[in-house]
Trainee: 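Have a look at this one before I ask anything.
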Amino acid sequence: MKSFTKYLLSCLVLAVVSSYAQKTPEDKAGWKLGSQAYSFRLFTFAEALHKIDSCGLKYVEAFPGQTIGGGLEGKMDFKMDAATRQAVKKLVKDKGLTIVAYGVVTPKSDEDWTALFEFAKDMGVININSEPSAAQVPLVRKLAEQYKITVALHNHPKPSRYWHPDTVLAAIGGSKYMASCADIGHWVRSGLDPVACLKQLEGYVRGMHFKDVKKDTPDGRYHDVIWGTGDCKVDQVIAEMKRQKFKGPISVEYEYHWENNGPEIAESVKNFREIYSRKAQ
């Protein structure tokens with residue numbers, strides 16, 4: 001009996017050690033570094049899960065239009081039936097991953113907004129990333145507070161509704177469950193300083209679409225580059241996130257070299273963790 005007890009204790013120790021070893025530098029701070037499945041939009045959701053895992057990430061932001069795959073019919077639509085939701089949750093769990101965010105999604109009707117929140121609750125979603133119209137904001141605030149799920153307002157580039165922090169703050173209106181999904185790359189595309197934008201939104205940044213972009217194309221457009229090599233001031237952004245004691249999902253959104261961007265995402269993640277660890281010293 002004693003030997004069996006010792007065996008159980010040794011297994012428990014190994015499990016704890018293994019769990020600790022899998023922790024990443026940013027985990028302790030509550031930073032859930034994962035990937036927007038949209039980074040792998042040319043593939044099924046099931047294939048995207050494999051790619052996200054291979055990049056050293058454990059968190060997922062799903063988006064509505066992606067084909068599920070993995071033997072399942074349909075797309076990652078928030079209107080999927082209960083059986084499909086259960087099957088998707090198993091697909092994610094079996095990969096050792098966790099869905100933490102969903103978007104960018106903006107339903108048109110009140111009924112669809114309610115369906116979206118029901119879906120998010122069932123899937124364990126922390127943040128719904130969205131760009132609601134001014135007319136929708138009162139309903140969205142009400143549902144967010146009712147379901148206790150954060151609606152994080154996403155900033156597409158100028159002239160989209162939430163391109164500037166001023167509009168984001170106005171829509172949040174002090175609500176506990178309204179916040180910013182800060183896309184630092186789109187801020188740069190809009191001619192804004194990402195660090196200044198984070199400072200303006202302090203206290204309301206509870207999700208991020210993380211990218212680094214550079215304007216080096218003949219037509220003057222920005223495209224994604226490995227983090228730390230572009231114009232998004234990644235070092236300063238991470239330092240500001242630490243200063244603000246950020247907590248929440250951080251989704252890699254790498255919109256370049258779509259056919260095979262996994263290596264660049266993995267390198268970006270490596271750089272992110274090195275910068276984070278350096279800033280922590």
Side-chain angles (χ1 to χ4, degrees), residues 20 22-36 38-39 52 55-61 98 100-101 103 126-127 129 150 152-157 162-165 168-169 179-216 222-256 261-281:
Y20 180 80
Q22 290 176 6
K23 292 286 185 182
T24 57
E26 71 279 359
D27 276 338
K28 190 175 180 180
W31 296 17
K32 299 184 183 299
L33 181 61
S35 181
Q36 225 307 353
Y38 191 75
S39 296
I52 290 167
C55 290
L57 298 166
K58 294 299 177 185
Y59 298 103
V60 180
E61 178 179 343
T98 303
V100 291
I126 297 171
N127 285 4
N129 296 328
T150 296
L153 303 174
H154 175 262
N155 55 285
H156 271 109
Y162 297 106
W163 75 273
H164 196 282
V168 175
L169 288 170
S180 165
C181 171
D183 190 313
I184 62 174
H186 287 338
W187 276 333
V188 170
R189 289 185 170 109
S190 297
L192 300 175
D193 182 327
V195 179
C197 289
L198 288 173
K199 288 180 177 178
Q200 186 175 348
L201 290 163
E202 184 168 357
Y204 295 106
V205 182
R206 280 186 247 141
M208 301 188 78
H209 278 184
F210 212 95
K211 52 170 69 82
D212 201 356
V213 298
K214 192 171 185 64
K215 186 191 287 186
D216 62 357
Y222 287 93
H223 70 76
D224 286 71
V225 293
I226 292 170
W227 297 356
T229 66
D231 301 325
C232 286
K233 301 182 179 180
V234 169
D235 288 56
Q236 295 178 50
V237 164
I238 291 174
E240 179 60 21
M241 291 164 65
K242 290 175 69 66
R243 187 192 70 78
Q244 292 191 21
K245 296 181 172 56
F246 170 87
K247 294 183 186 296
I250 305 169
S251 295
V252 176
E253 192 172 54
Y254 205 94
E255 301 172 300
Y256 196 57
N261 56 19
E264 290 168 57
I265 292 174
E267 185 68 19
S268 294
V269 170
K270 176 175 173 288
N271 289 353
F272 181 98
R273 288 177 175 152
E274 287 178 354
I275 294 167
Y276 177 90
S277 297
R278 188 163 68 243
K279 296 293 181 184
Q281 295 174 357

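Heads up: numbering here begins at 1 and tracks the sequence.
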Trainee: Please list, chain by chain and in numerical order, all residues satisfying side chain to side chain contact (heavy atoms under 4.5 Å, CB included) with Leu169, sequence neighbours excluded.
Mentor: Gln200, Leu201, Tyr204
Trainee: Parallel, tilted or perpendicular: which describes the rings of His154 and His209, with under 30° parallel and over 60° perpendicular?
Mentor: tilted
Trainee: Any donor-acceptor pair under 3.5 Å linking the side chain of Ser39 with the backbone of Tyr254?
Mentor: yes
Trainee: I'd like to know whether Phe210 forms a side chain to side chain contact (heavy atoms under 4.5 Å, CB included) with Val237, so could you lay out the CA-CA distance, the side-chain angles of the two residues, the decisive distance to 0.1 Å, and finally the verdict.
Mentor: CA-CA 10 Å; Phe210 212 95; Val237 164; 3.8 Å; yes
Trainee: For residues 180-197, which residue pairs pass the salt bridge (charged side-chain N to carboxylate O under 4.0 Å, His left out) check, not counting sequence neighbours?
Mentor: Asp183-Lys211, Arg189-Asp224, Asp193-Lys233
Trainee: Would you please name every residue forming a side chain to side chain contact (heavy atoms under 4.5 Å, CB included) with Cys197, sequence neighbours left out?
Mentor: Pro165, Trp187, Leu192
Trainee: Indicate the atoms forming the closest heavy-atom contact of Val188 with Val213, along with that distance.
Mentor: CG1-CG2, 3.9 Å
Trainee: Is it true that the side chains of Thr24 and Asp27 contain a donor and an acceptor less than 3.5 Å apart?
Mentor: yes
Trainee: Taking all non-hydrogen atoms of both residues into account, name the closest pair between Tyr162 and Asn155 and its distance.
Mentor: O-CB, 3.0 Å
Trainee: Rounded to the nearest 0.5 Å, what separation is found between the CD1 atom of Ile250 and the CD atom of Glu26?
Mentor: 7.0 Å
Trainee: Going by heavy atoms in the side chains, are Lys242 and Trp31 under 4.5 Å from each other?
Mentor: yes
Trainee: To the nearest 0.5 Å, what is the distance between OG1 on Thr229 and NZ on Lys214?
Mentor: 7.0 Å
Trainee: Start with the C-alpha gap between Tyr38 and Glu255, add the side-chain angles, then the distance that decides, and say whether side chain to side chain contact (heavy atoms under 4.5 Å, CB included) holds.
Mentor: CA-CA 8 Å; Tyr38 191 75; Glu255 301 172 300; 3.4 Å; yes
Trainee: What is the distance from atom CD of Glu202 to atom OG of Ser180, rounded to the nearest 0.5 Å?
Mentor: 12.5 Å
Trainee: In sequence, state the C-alpha distance, the side-chain angles, and the governing distance for Gln36 and Asn129, and then conclude on side chain to side chain contact (heavy atoms under 4.5 Å, CB included).
Mentor: CA-CA 11 Å; Gln36 225 307 353; Asn129 296 328; 5.9 Å; no
Trainee: If you take all heavy atoms of Asp212 and Gly228, which pair is closest and at what distance?
Mentor: OD2-N, 2.8 Å
Trainee: So Met208 and Leu198, do their side chains get closer than 4.5 Å, heavy atoms only?
Mentor: yes
Trainee: Please determine, by modelled atom types, if Glu240 and Gln236 share a side-chain donor-acceptor pair under 3.5 angstrom.
Mentor: no
Trainee: How close do Val252 and Val269 get, counting heavy atoms only, and between which atoms?
Mentor: CG2-CG2, 4.4 Å
Trainee: Heavy atoms only: give me the nearest Glu267-Ile226 pair and the separation to one decimal.
Mentor: CG-CG2, 3.7 Å
Trainee: Could you walk me through whether Ile126 and Lys32 pass the side chain to side chain contact (heavy atoms under 4.5 Å, CB included) test, one step at a time?
Mentor: CA-CA 11 Å; Ile126 297 171; Lys32 299 184 183 299; 3.8 Å; yes
Trainee: Hey, are Glu274 and Arg278 close enough for a salt bridge, meaning a charged N less than 4.0 Å from a carboxylate O?
Mentor: no
Trainee: Quick one: CG on Asp235 to OH on Tyr276, what's the gap to the nearest 0.5 Å?
Mentor: 14.5 Å
Trainee: Check the orientation of Tyr256 and His223. Use parallel for under 30°, tilted for 30 to 60°, and perpendicular for over 60°.
Mentor: parallel
Trainee: If we ignore angles and hydrogens, is there a donor and acceptor under 3.5 Å between the side chains of Ser251 and Glu253?
Mentor: no
Trainee: Work out which heavy atom in Arg273 is nearest to a heavy atom in Pro25; give both atom names and the distance.
Mentor: CD-CD, 3.9 Å
